[in-house]
Number of protein chains: 2
Amino acid sequence: MTVRGPRAREGGARGAVPEGYDPHAFEPFAVTVDLAVFTVREGVLHALLIRRGQEPYAGAWALPGGFVLPRESTDLAARRELAEETGLPDDLVAGLHLEQLRTYSDPDRDPRMRVVSVAYTALVPDLPEPHGGGDAAHAEWVAFGSYGHLAFDHAEILADARERIGAKLEYTCLATSFCPPEFTLGELQQVYETVWGTVLDRPNFRRKVLATPGFVEQVAGASRLTGGRGKPAALHRAGPATALHPPLLRPEGRQT
Amino acid sequence: MTVRGPRAREGGARGAVPEGYDPHAFEPFAVTVDLAVFTVREGVLHALLIRRGQEPYAGAWALPGGFVLPRESTDLAARRELAEETGLPDDLVAGLHLEQLRTYSDPDRDPRMRVVSVAYTALVPDLPEPHGGGDAAHAEWVAFGSYGHLAFDHAEILADARERIGAKLEYTCLATSFCPPEFTLGELQQVYETVWGTVLDRPNFRRKVLATPGFVEQVAGASRLTGGRGKPAALHRAGPATALHPPLLRPEGRQT
DNA sequence: CGCCTTTATAGTCATGTTGACCATTAAGGG
DNA sequence: CCCTTAATGGTCAACATGACTATAAAGGCG
C-alpha cells in the first residue's frame, strides 16, 4: 500500500506522498474486527453472539467484536476482543486457533459511518457458559441458524465462516480444536458431522483418522463411557500433525 | 462491527455509540488495497510490480495498489486500481478472477502512518506488455523471486499469494485463468508446474483433467503446433466447472 | 525421401484410498 | 440372561493414482 490522500491521484507513480498530507483531512475509515466463534454442543453447531442493546439493530444478535486500537494489529485486536467479550481465561484464549476469514468493506454495511471490518474465526471446545463473571461477558452460545436476522452483514460473515471451517476440516487437523484435551473418536467424528451436516461411516472415519500419522494419539490405558451405554471408547488427544494428506473429503458437495 | 470511539470502551455492551462520537477525533486508519497479480510467461511465474520513486523504499519494487475511496468497497477499489495501474482494457479487467487474499495490519508496516491493507490476488493470461500507453501504466512483469527486497511487507504478501494460488490449483479449475481463451493441455500443465515448482507426468495429468467433467472442453477440429516441433496439440477452452473433485494434489508437500 | 527428434496421445499395471458392508467386543437395562 | 447400544476390527469391490510403455504426427536434416 501507499500513503497518499485518497483524492490525490494526479497520475503520479504509486507511493507519492503529497506534501502536507494530513491524515485528518478526510472522513476516516474505522477499522474493526468481528469474531465468528464456533463450538459443537450436544451435536449442534453453536456460534457466540451478543444481543444488541442500541440502534441500529437493537434487540438483534450480533457478532462479538470491536475497534482496532491505534497501535494494534487486527490479529491482536481479535484476540483481545475475544478475551474481553467471552470472559474466558487469558491462557485459554492465548492457545485458541484464531484465523483471519476475510475483510468486509461495503460502504453501507454500517449505516452510521464507514467501517471496514476484518472478520476472524475461532474454534473452541464446548466450554461452560462464556460469562466469566466480570462485566465484559455478555456473549452467549446460540445454535447455528436459530437466531433471527443478525445485525449488519453478520449473517453473511457467519455463513462464510461456517463454509470456511467446513472446507478446512477437509485438509487440516483443525477438528481437534473443537474437542476437549482428551476425546473419543466418536466425539471427533461428531465434529465433522455437525459442521458438514452429513453422516459419516464410523469404521471408515476411524480408519482414516488413525491412518493419518500425528492426527491423534491414543491416551494409554484410559477410556470413557460415552454416556453409560455401549462399549467404552478409547481416549485420544490431538497429535502434532496439522495437515491432512490426503484430505478427508466430505461426501458429495452438499451443504446443510 | 460496531461504531464506537476506540477509547470509548467503558464496559458497555458492544454497539454503544458514545454521544458526540466524532470520527475525526482520533488518528484515522488509512485503508488501501494491494494487488498480487500473477501470470505465467514462458514457463516462469511473473508478478506485476511497480518501481517506487519516493521514500520510503525508493527504487524498490512494490505491489500495485492504492487507497480505497470513501464510497468504494475494497473489491471495487482493487479492480479499479488494477485497471488504472496496468492500463488493461476495462472489459478484460472486468472478467478477471480477482480474489481477496487477506488483510495486513501490522501497525508499523508503513513507517509514515497507520495503514491497513486488504490484499487481492489475480491470475491473468500472458498478455502483451501491461502499459496501455496511457500515463497510468507503470507496472511491469517481473519473474517471481528475481527482485531485491520488496517495499513494505509486500514480499510477505506476494509469498502468501503464491502459496494461496498453489493451494487453489489443487481443488479448483482456476488454472485456466492463466491461459488464453484457447489453450493446449500442455500449456495448462505448464501452469501447474510453474506455480507448484514441480514436474508432472504428462499422460497422468491429461487423464485427470479430461476425467473431470466441465474442466476443459475440446475445441472442435482445431489444433495448434506447440512451436513447430512435435505433433500438433488439440485446443481446449475452459469449461463451466469451477471445482475439482477429487482434487489434483501436488506431489509431496514441497514448495519451491 | 527416409530417419531422428520432439511432442501429443493412448494404453497398462500395480498400489493405495474410499465407500459399503459385516462381525465382534464390551458396556448398561430390563 | 438376553437385548440394545456403541466401539472396534475386518472384508471386498470400485476408483484414483503413480510409474511406465507404446504409438501417432509433426519438423529438421542429411
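Lettering follows sequence order; numbering is per chain, from 1.
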Taking salt bridge (Lys or Arg N to Asp or Glu O under 4.0 Å) as the test, write out the residues that go with R79(A), two or more places apart. none
Starting from the 5' end of DNA chain D, give me the residue, L249(B) or G186(A), whose nearest nucleotide shows up first. G186(A)
Is the shortest side-chain N/O distance from R206(A) to OP1 or OP2 of dT8(D) below 4.0 Å? yes
Which atom pair, heavy atoms only, marks the closest approach of Y147(A) to L158(A)? OH-CD2, 3.3 Å
Indicate yes or no: does R250(B) engage E163(B) in a salt bridge with an N to O separation below 4.0 Å. yes
Starting at atom CD of Q218(B), determine the distance to atom C1' of dT9(C), rounded to an integer number of angstrom. 11 Å
Partner set under side-chain hydrogen bond (donor to acceptor under 3.5 Å, both in side chains) for T74(A), not counting sequence neighbours: Y120(A), S105(B)
Give every pair of a protein N or O atom and an N or O atom of nucleotides 20-22 of chain C that lie under 3.5 Å apart, one pair per line with the distance.
unit_1: dA20(C); atom_1: N7; unit_2: N204(A); atom_2: ND2; d: 2.9
unit_1: dA20(C); atom_1: N6; unit_2: N204(A); atom_2: OD1; d: 3.1
unit_1: dA20(C); atom_1: N6; unit_2: R207(A); atom_2: NH2; d: 3.3

Do the side-chain N or O atoms of K208(A) get closer than 4.0 angstrom to the phosphate oxygens (OP1, OP2) of dT18(C)? yes
Which whole-number value in Å describes the distance from Q189(B) CD to dT9(C) P? 11 Å
Could you go through residues 206-217 of chain B and list every donor-acceptor pair under 3.5 Å that involves a side-chain atom there, pairing it with any protein atom two or more places apart or in another chain?
unit_1: R207(B); atom_1: NH2; unit_2: N204(B); atom_2: OD1; d: 3.1
unit_1: K208(B); atom_1: NZ; unit_2: P246(B); atom_2: O; d: 2.9
unit_1: T212(B); atom_1: OG1; unit_2: K208(B); atom_2: O; d: 3.0

I'd like to check the side-chain hydrogen bond (donor to acceptor under 3.5 Å, both in side chains) partners of Q190(B); sequence neighbours left out, ordered by chain and number. none
Between C1' of dT17(D) and CZ of R202(B), the distance in whole Å: 19 Å
If you take any heavy atom closer than 4.0 Å to DNA chain D, which residues from residues 165-178 of chain B end up in contact? none
Taken to the nearest whole Å, CZ/F205(B) to C1'/dC20(D) is 19 Å
Measure from the side chain of K231(B), starting at C-beta and using heavy atoms only, and say which of dA27(C), dT7(C), dT4(D) lies closest. dT7(C)
Roughly how many Å is it from CG in L210(A) to P in dT8(D), rounded to a whole number? 9 Å
Give every residue pair that meets the ring-ring contact (aromatic ring centres under 6.0 Å, His included) criterion with at least one member in residues 167-191 of chain A, sequence neighbours excluded. none
Atom NE2 of H245(B) and atom P of dG19(C): how far apart are they, to the nearest Å? 12 Å
Sorted by chain and number, sequence neighbours left out, side-chain hydrogen bond (donor to acceptor under 3.5 Å, both in side chains) with D106(A) holds for none
Test of understanding: with side-chain hydrogen bond (donor to acceptor under 3.5 Å, both in side chains), list the residues that count as partners of E193(B), not counting sequence neighbours. Q189(B)
